[in-house]
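Below: the structure, in structure tokens.
Values below: every heavy atom of this structure, side chains too, minus hydrogens, waters and symmetry copies. Residue numbers start at 1 and run along the sequence shown.
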Amino acid sequence: MIKEFNTQTRVSVGLETLWTVLSKDFVFISPKVLPTIVKDVQVIEGDGGVDTILIFNFFPGVSPLGFQRERITEFDEISHEIGLQVIEGGYLSQGLSYYKTTFQLSSIGELETLVNVKISYDHESDEIDEKVKPTKTSQSTLMYLKRLENYLQNEA
């Protein structure tokens with residue numbers, strides 16, 4: 001049975017700028033934001049919308065398989081929502097049978113955006129590695145958003 005874990009954070013970046021880097025430019029931005037984790041991101045299939053398949057290649061020691069293949073399952077430019085489901089490698093090679101992260105952005109002000117993060121997950125066994133529990137993986141997602149905020153404020 002698929003379970004959900006929800007969290008949120010405020011990012012001091014305008015809605016449209018954040019949406020662009022989370023939905024369209026993350027192939028180029030992710031290795032810059034996570035330079036010791038993500039070697040590169042490649043579009044394997046699709047045009048960047050729903051059903052686009054991406055492969056995140058990690059540096060040695062980050063993930064047992066060294067990569068994570070994801071499919072964009074949701075892409076709504078009006079509600080600023082994007083969903084990415086892991087379909088191979090990454091968390092699936094660490095004990096989870098289903099893993100999806102959905103970002104929904106809402107403007108708080110001209111230079112501030114609320115990001116609601118929903119992690120949907122499932123696992124076959126009650127014994128899953130501590131590092132793939134949603135409380136841990138959500139910390140990684142929030143850390144990515146904070147690094148992205150820092151990158152946009154200082155580097156972009």
Side-chain angles (χ1 to χ4, degrees), residues 1-9 11 13-107 113-124 128 131-132 134 136-152 155-156:
M1 178 165 69
I2 295 176
K3 300 160 204 66
E4 287 184 5
F5 182 83
N6 296 290
T7 189
Q8 61 181 207
T9 190
V11 178
V13 174
L15 174 67
E16 291 304 325
T17 299
L18 188 60
W19 171 250
T20 297
V21 297
L22 272 179
S23 66
K24 298 174 182 136
D25 294 343
F26 67 89
V27 169
F28 311 107
I29 299 290
S30 293
K32 293 176 183 177
V33 173
L34 300 171
T36 61
I37 298 171
V38 178
K39 185 188 287 185
D40 62 37
V41 182
Q42 302 167 357
V43 176
I44 301 300
E45 181 180 309
D47 61 4
V50 171
D51 288 332
T52 294
I53 297 176
L54 310 154
I55 187 164
F56 291 76
N57 292 302
F58 303 122
F59 285 103
V62 173
S63 172
L65 292 183
F67 72 94
Q68 181 164 288
R69 193 177 309 256
E70 298 186 15
R71 172 180 283 122
I72 297 176
T73 58
E74 297 169 49
F75 190 93
D76 187 331
E77 293 196 65
I78 294 169
S79 66
H80 299 98
E81 185 169 6
I82 186 168
L84 299 159
Q85 180 184 342
V86 177
I87 57 174
E88 183 182 5
Y91 293 133
L92 299 186
S93 64
Q94 298 177 49
L96 296 179
S97 56
Y98 179 86
Y99 192 87
K100 177 181 168 185
T101 306
T102 305
F103 299 92
Q104 200 281 315
L105 284 57
S106 305
S107 179
T113 302
L114 179 67
V115 182
N116 288 299
V117 178
K118 176 171 68 174
I119 296 173
S120 306
Y121 65 100
D122 199 6
H123 47 87
E124 306 287 321
I128 62 168
K131 66 184 170 194
V132 297
K136 261 309 195 205
T137 60
S138 68
Q139 289 173 4
S140 297
T141 301
L142 295 177
M143 183 242 349
Y144 174 74
L145 290 168
K146 287 300 174 188
R147 286 188 178 183
L148 184 59
E149 172 185 49
N150 187 55
Y151 174 82
L152 292 170
E155 307 291 328

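- Although no hydrogens or angles enter the test, the distance criterion places no donor-acceptor pair under 3.5 Å between the side chain of Thr102 and the main chain of Gly83.
- At distances below 3.5 Å, at least one donor-acceptor pair connects side-chain atoms of Asp76 with backbone N or O atoms of Ser79.
- When all heavy atoms of Gly90 and Gln94 are compared, the pair lying nearest together is O-NE2, 3.3 Å.
- Once rounded to the nearest 0.5 Å, the distance linking CD of Glu74 with CZ of Phe103 reads 11.5 Å.
- In this structure, CG on Leu152 lies 6.5 Å from CD1 on Ile29, to the nearest 0.5 angstrom.
- With rounding to the nearest 0.5 Å, the separation of CD1 in Ile87 from CD1 in Ile44 is 9.5 Å.
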Does the pair Leu54 and Ile72 meet the rule for a side-chain contact (heavy atoms from CB on, under 4.5 Å), with working shown? CA-CA 8 Å; Leu54 310 154; Ile72 297 176; 4.2 Å; yes
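- Going from atom CZ of Phe56 over to atom CZ of Phe26 covers 5.0 Å, rounded to the nearest 0.5 Å.
- The minimum heavy-atom distance linking Ile2 with Ser120 is given by the pair CG2-CB, 3.9 Å.
- No side-chain N or O of Tyr121 forms a donor-acceptor pair with one of Thr137 less than 3.5 Å apart.
- For the atom pair Thr9 OG1 and Leu145 CG, the distance stands at 6.5 Å (nearest 0.5 Å).
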Would you check, one step at a time, whether the test side-chain contact (heavy atoms from CB on, under 4.5 Å) holds for Val115 with Gln8? CA-CA 5 Å; Val115 182; Gln8 61 181 207; over 6 Å; no
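- For the pair Tyr151/Lys32, a side-chain contact is recorded, criterion being any heavy-atom separation below 4.5 Å from C-beta on.
- Heavy atoms only, all atoms of each residue included: Ser23 and Ile82 are closest at CA-CD1, 3.9 Å.
- For the atom pair CD1 (Ile119) and OG1 (Thr7), the distance works out to 8.0 Å, reported to the nearest 0.5 Å.
- The two atoms that bring Val13 and Leu18 nearest to each other are CG1-N, 3.9 Å, heavy atoms only.
- With hydrogens and angles disregarded, no donor-acceptor distance shorter than 3.5 Å links the side chain of Asn57 to the backbone of Phe67.
- Side-chain contact, Ser30 with Tyr144: a donor N or O sits under 3.5 Å from an acceptor N or O.
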When you look at Glu70 and Lys100, which way does the salt bridge (Lys or Arg N to Asp or Glu O under 4.0 Å) test go after all the steps? CA-CA 9 Å; Glu70 298 186 15; Lys100 177 181 168 185; over 6 Å; no
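- Thr101 places a side-chain heavy atom less than 4.5 Å from the side chain of Val117.
- Contact check for Asp122 versus Leu96: no side-chain heavy atoms found under the 4.5 Å cut-off.
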Can you list the steps and then say if Lys24 with Glu77 is a salt bridge (Lys or Arg N to Asp or Glu O under 4.0 Å)? CA-CA 11 Å; Lys24 298 174 182 136; Glu77 293 196 65; 2.9 Å; yes
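- Residues Tyr98 and Gln85 are in side-chain contact: their nearest non-hydrogen atoms beyond the backbone lie under 4.5 Å apart.
- Inter-residue side-chain proximity for Met143 and Arg147 is flagged as met; some heavy-atom pair is nearer than 4.5 Å.
- Using cut-offs of 30° and 60° for the angle between ring planes, the Trp19 and Phe75 rings count as tilted.
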Evaluate the criterion side-chain contact (heavy atoms from CB on, under 4.5 Å) for residue pair Tyr91 and Gln68; output intermediate values, then yes/no. CA-CA 8 Å; Tyr91 293 133; Gln68 181 164 288; 4.0 Å; yes
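- The closest side-chain heavy-atom distance from Val86 to Arg69 is not below 4.5 Å.
- Here the side chains of Phe58 and Lys39 are not in contact, with every heavy-atom distance at 4.5 Å or above.
- Legend: side chain to side chain donor-acceptor pair (under 3.5 Å) pairs involving residues 41-50, not counting sequence neighbours: none detected.
- Nearest heavy-atom pair across Thr73 and Leu84 is OG1-N, 4.2 Å.
- Contact of the Val38 side chain with the Phe59 side chain is not registered, since no non-hydrogen atoms from C-beta on lie closer than 4.5 Å.
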